[in-house]
Structures are given as structure tokens and as C-alpha cells.
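All remarks here apply to the structure that follows.
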Amino acid sequence: MRTTIRDIQQMRARGERIPMVTAYDYTSAQIADRAGIPMILVGDSLGMVVLGHESTVSVTLDEMIHHTRAVVRGARNALIIGDLPFLTYASPEQAVISAGRMLQEAGAQAVKLEGGVHIAPTIARLVHLGIPVMGHIGFTPQAVNQIGLRVQGRRANEARQLLEDALAVQEAGAFAIVLELVPAELAQAITERLHIPTIGIGAGAGCSGQVQVWHDLLGLYSDFVPRHARRYTDLATMIGEALTQYAQDVRTGTFPGPEHSSRMDPTELAAALGNLDES
Ligand code: KIV
């Protein structure tokens, strides 16, 4: 049975911490699902860790839909949240079209969008139409050119604004909210004042759950390692070693072995080659 937004909210009510991870393809989604991760985010971090862009700003809705469809095919149990990319929800009307595509074409069960008080009417419109929304405040990567890559909310006025943003997003009907790069004390204070789950990334242990980017968690992305990431393994090194070994086996002729090949009846081969030689 696929996890629902109600299940996620019940986890929060029971005080269970909620793990979420990003995924961008079928195989990764299968692995995350089998590991029992209840929520998978097809994040627009795709733009950086999969497509090699400098930021998430270049990601298109078509790209997000393409990858979300693969994730949906791979994960049978997790709730799948598709990120709406930059400038695809600039008005409530545009948001309805973009989020509608994410649910209808891609098969996601929810969308995520960035912003606080100013985006609340858009969230309300989507929720009113039956589209579950996850909010995202604090450092909002789509605004990197405006706000820079830095912790948000260290000063009292900024912190107050973030609390107002969180309350507005909740009031608009979001089922959960990502807090990114927010001081731990503030993230905890916001979490205590909300009844929907907060999912932190670089926001301390006081959130209702945590989200990490697949490539950071598994040691796949070396261009930039965020301070908030814990590498649970070093797949880049492991994959590099495996590929070096494979290349060496091909060069020395030890791959493929007999067990990797199929055989044919020698008389069939002789007949085929004989025919060829006669022609
Ligand atoms: O795009 C993404 O992966 C995200 C997470 C960092 C929350 O928005």
C-alpha cells in the first residue's frame, strides 16, 4: 500500500521521525522503497547532481516529469513528491497546470514548491483542487541568485519572517514543509508551533523528519559536499574501483568468461559458414 499524506501526518502525531530521500530514476527509487523510506522527493536538485547544472534554476518541468515517471515506476510504497521547478508556479493558474501535469502525467502523489507568505495563496488553490502540497522555506535554492547560498533566519527579523512563512504555508493547507539551512534552534521552535511535519535539511535534529539528497548521502557527488550531509557510504570510489577492474578484465581477456556467453551447435555454425563460403 502506498504511503499517503495522512500516514505522514500520523507519523508526526505519534512522534515518529520521518526519513525522506531524493531519487531521480527507477533503480534508485526501487532501492529507496525497499529500504522502507516512506517519502521520496524527486527534487529539482536533479539539475545539479544528475544534469550537471550549476543550480536548480535551469531545470524544466518536462525534465522533472520525465524523471518523476521513472521514480513512480520504481517505488510502489513510498509517497512520491515531484518538485515544481523555477518559474512553473509564478501564478496560481500556472501552478494548477504544472502541478496537474506532475500528478496526471508523472504519477506523483504530491508536489513541492518553494516560498512562504507570498506563495500561500497558490498553495491554497492547489490544495483546494485536491493536489497535496509540501512547502519549502529557509534557503530556497530556486532563489539562489537573489538570496545567495547561506543559512537563513539567523537574525531576529529574518527568523520572525520564517515563522510567519511557516504558519502561512500551514494555514494554506500544505501537508508538510521543508526547512532548509535554518539554525537548529529556530527550526525546532517552528516545528513546535506547527501541527504539520517539518522536514529538515541543514536544520538540526529538532524537525519532524529529515531529507537528504541521494548523491550526498551515498557519496556520489564530489563537486560540492554540503556541511549538512552525512555520507553513509562512498559509492563514487566503489564504482570507480569496479569500473577500473572491469576495464582491466576486458583488456586482459578475462571478461567475459564462458558463463557470460551462449554456445551453438558446431554443425549449425559449420553449415552457416559453409554457405557463406560458397556464395
Ligand atoms: O531539490 C531538492 O532536492 C530539494 C531538497 C534539498 C529538499 O529541494
Side-chain angles (χ1 to χ4, degrees), residues 8 18-25 28-29 32 37-61 63-68 70-71 75 78-89 98-99 102 106 108 110-116 119 123 132-145 147 149-153 162 165-166 169 174-182 187 190-191 196-204 207-218 220-221 223-231:
I8 298 298
I18 307 160
M20 175 161 103
V21 69
T22 67
Y24 315 96
D25 62 46
S28 315
I37 304 282
M39 278 201 292
I40 298 179
L41 170 68
V42 189
D44 60 359
S45 48
L46 162 84
M48 298 165 79
V49 298
V50 176
L51 304 178
H53 295 302
E54 264 185 26
S55 77
T56 62
V57 169
S58 334
V59 177
T60 67
L61 185 57
E63 287 168 340
M64 288 304 303
I65 288 174
H66 176 79
H67 285 269
T68 304
V71 169
L79 177 77
I80 312 292
I81 300 141
D83 230 351
L84 293 188
F86 184 54
L87 293 186
T88 63
Y89 51 97
S98 303
M102 194 55 97
V111 297
K112 177 169 82 58
L113 44 80
E114 298 179 4
I119 209 74
I123 295 177
V133 177
M134 174 177 272
H136 184 160
I137 64 167
F139 171 65
T140 46
Q142 293 171 13
V144 65
N145 293 315
I147 61 178
L149 175 47
R150 65 176 186 88
V151 173
Q152 305 289 310
L162 281 181
D165 286 338
V169 166
F175 74 94
I177 182 166
V178 168
L179 303 181
E180 180 162 359
L181 298 190
V182 173
I190 291 174
T191 302
I196 59 172
T198 57
I199 308 295
I201 175 162
C207 296
S208 325
Q210 299 291 324
V211 56
Q212 286 286 295
V213 169
W214 182 268
H215 294 60
D216 294 338
L217 201 66
L218 302 176
L220 276 168
Y221 185 68
D223 287 6
F224 167 66
V225 182
R227 177 169 165 223
H228 57 70
R230 179 184 287 171
R231 286 192 156 185

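Just so you know, ligand 1 is whichever comes first in the structure, and atom 1 is the first atom listed for that ligand. These numbers were taken from a predicted model, which means no experiment stands behind them.
Applying the 6.0 Å contact sphere to CZ of R230 captures no more than 12 heavy atoms from other residues, nucleotides or ligands. More than 12 heavy atoms of other residues, nucleotides or ligands lie within 6.0 Å of NE2 in H228, so this atom counts as buried by the packing criterion.
Annotation: side chain of L220 is not in contact with side chain of V49 (no heavy-atom distance under 4.5 Å). Residues Y24 and S45 meet the side-chain proximity criterion, which asks for heavy atoms closer than 4.5 Å. Between I201 and E180, the closest side-chain pair of non-hydrogen atoms falls below 4.5 Å. With contacts defined as side-chain heavy-atom distances shorter than 4.5 Å, the pair F86/N145 does not qualify.
Regarding atom 2 (C) of ligand 1, its nearest protein heavy-atom neighbour is S45 OG, 3.3 Å. Shortest contact from atom 8 (O) of ligand 1 to any protein heavy atom: K112 NZ, 2.9 Å.
Taking a cut-off of under 4.0 Å to the non-hydrogen atoms of I201, the atoms of ligand 1 that pass are 6 (C). The ligand atoms of ligand 1 that sit less than 4.0 angstrom from a heavy atom of G43 are 1 (O), 2 (C), 3 (O).
Ligand 1 has no N or O atom lying under 3.5 Å from any N or O atom of T22, backbone or side chain.
Contact annotation: for L41 versus ligand 1, heavy atoms closer than 4.0 Å belong to the side chain alone. Here D83 has side-chain heavy atoms under 4.0 Å from ligand 1, and that is the only part of it that gets that close. No part of I199 comes within 4.0 Å of ligand 1, judged by heavy-atom distances.
For S208, the side-chain hydrogen bond (donor to acceptor under 3.5 Å, both in side chains) partners two or more places apart in sequence, or in a different chain, are T198.
Within the 4.0 Å heavy-atom shell around ligand 1 one does not find E114.
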